[in-house]
Amino acid sequence: MRLVEAEHSDDVGRRAAALVFQQLRAKPESVITLATGSTPLPLFRELVAASKSDPGLFRRAYFVTLDEYAGIAHDDRRRLLNWLRREFLEPAGIHDRQLIAFDPLADPAAECPRIEKAIEARGGLDLAVLGLGPNGHLGFNEPGSSFASRTRMVPLAAESIISNAAYWGKEEDVPKHALTLGLGTLKQARLIILMVSGMGKADVLASLLSGPISECMPASLLRLCSTCNVIADRASLSRHLRDKNDK
Ligand code: F6R
């Protein structure tokens, strides 16, 4: 795992975008999974801007949804695919035929292996762009997820329900289950980028960088991945840097 120190959230986005462009230059038909949430927004802005000056940039790439709420309507605004469509896929001119996306209403027992097979059929994940959950989750791989886990339906942890309540109005309205690529699926990606920004992530990032490697902290798996770049801004690194200086 390599740690890249960025100035602020926009700089995290710029540095992540540079790696995405490098990946696409090396392999235009890359299979890429993308996190949703607030951290990757500066990256999406960079990617959309680049697609305007180079309309062919993403033409041969495939995009995989990292996770999805289970059981919600296809056209629900809060469906993570629809969020990704608004923030990135549509403005960047990416077609539906380039997507591998969870159907939230399909039977998870068939849907999760279908996603795994669709990724494999295109040669496996080339790039996983991830965000860091407040409890250390990656995708919706909550604490306690096996490092070997594959794509599956999971119950959401209480912390994830609380942190997603803002999008749903109130906690009771947040779906209780989600579909997620597994940690074992993600660790096979040829390149992983973990984007982290803001003071709110300072404690969880410090524990990811120097706490125990354990399934209680799903993101600690990345310490074992030589292909992972953690791009973190100063605010999110503040606790880690302070702990280091105190030693
Ligand atoms: C969303 C996802 C989540 C988020 C994480 C951080 O698709 O995979 O793991 O990346 O919860 O979310 P933000 O960036 O909103 O802090």
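Predicted, not measured: the structure shown is a model, and the values here were computed from it. Counting starts at 1 for both ligands and their atoms, following the listed order.
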* Decide side-chain hydrogen bond (donor to acceptor under 3.5 Å, both in side chains) for S145 and R152; before the verdict, give the C-alpha distance in whole Å, the side-chain angles of both, and the deciding distance to 0.1 Å. => CA-CA 11 Å; S145 296; R152 67 204 186 289; 3.1 Å; yes
* Could you please spell out the steps behind the side-chain hydrogen bond (donor to acceptor under 3.5 Å, both in side chains) verdict for H8 and S197? => CA-CA 7 Å; H8 40 61; S197 57; over 6 Å; no
* **Test log, rule side-chain contact (heavy atoms from CB on, under 4.5 Å), inputs L125 and L186** => CA-CA 8 Å; L125 281 177; L186 291 172; 4.3 Å; yes
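In this structure F63 satisfies the ring-ring contact (aromatic ring centres under 6.0 Å, His included) test together with F58, F88, sequence neighbours excluded.
Residue pairs satisfying the side-chain hydrogen bond (donor to acceptor under 3.5 Å, both in side chains) criterion with at least one member in residues 98-110, sequence neighbours excluded, are listed as follows: H74-D103. Applying the ring-ring contact (aromatic ring centres under 6.0 Å, His included) test to every pair with at least one member in residues 148-183, sequence neighbours left out, gives these pairs: Y69-W168.
Ordered by chain and residue number, the residues placing a heavy atom less than 4.0 Å from ligand 1 are A35, T36, G37, S38, T39, L66, D67, G131, L132, G133, H137, G139, K201.
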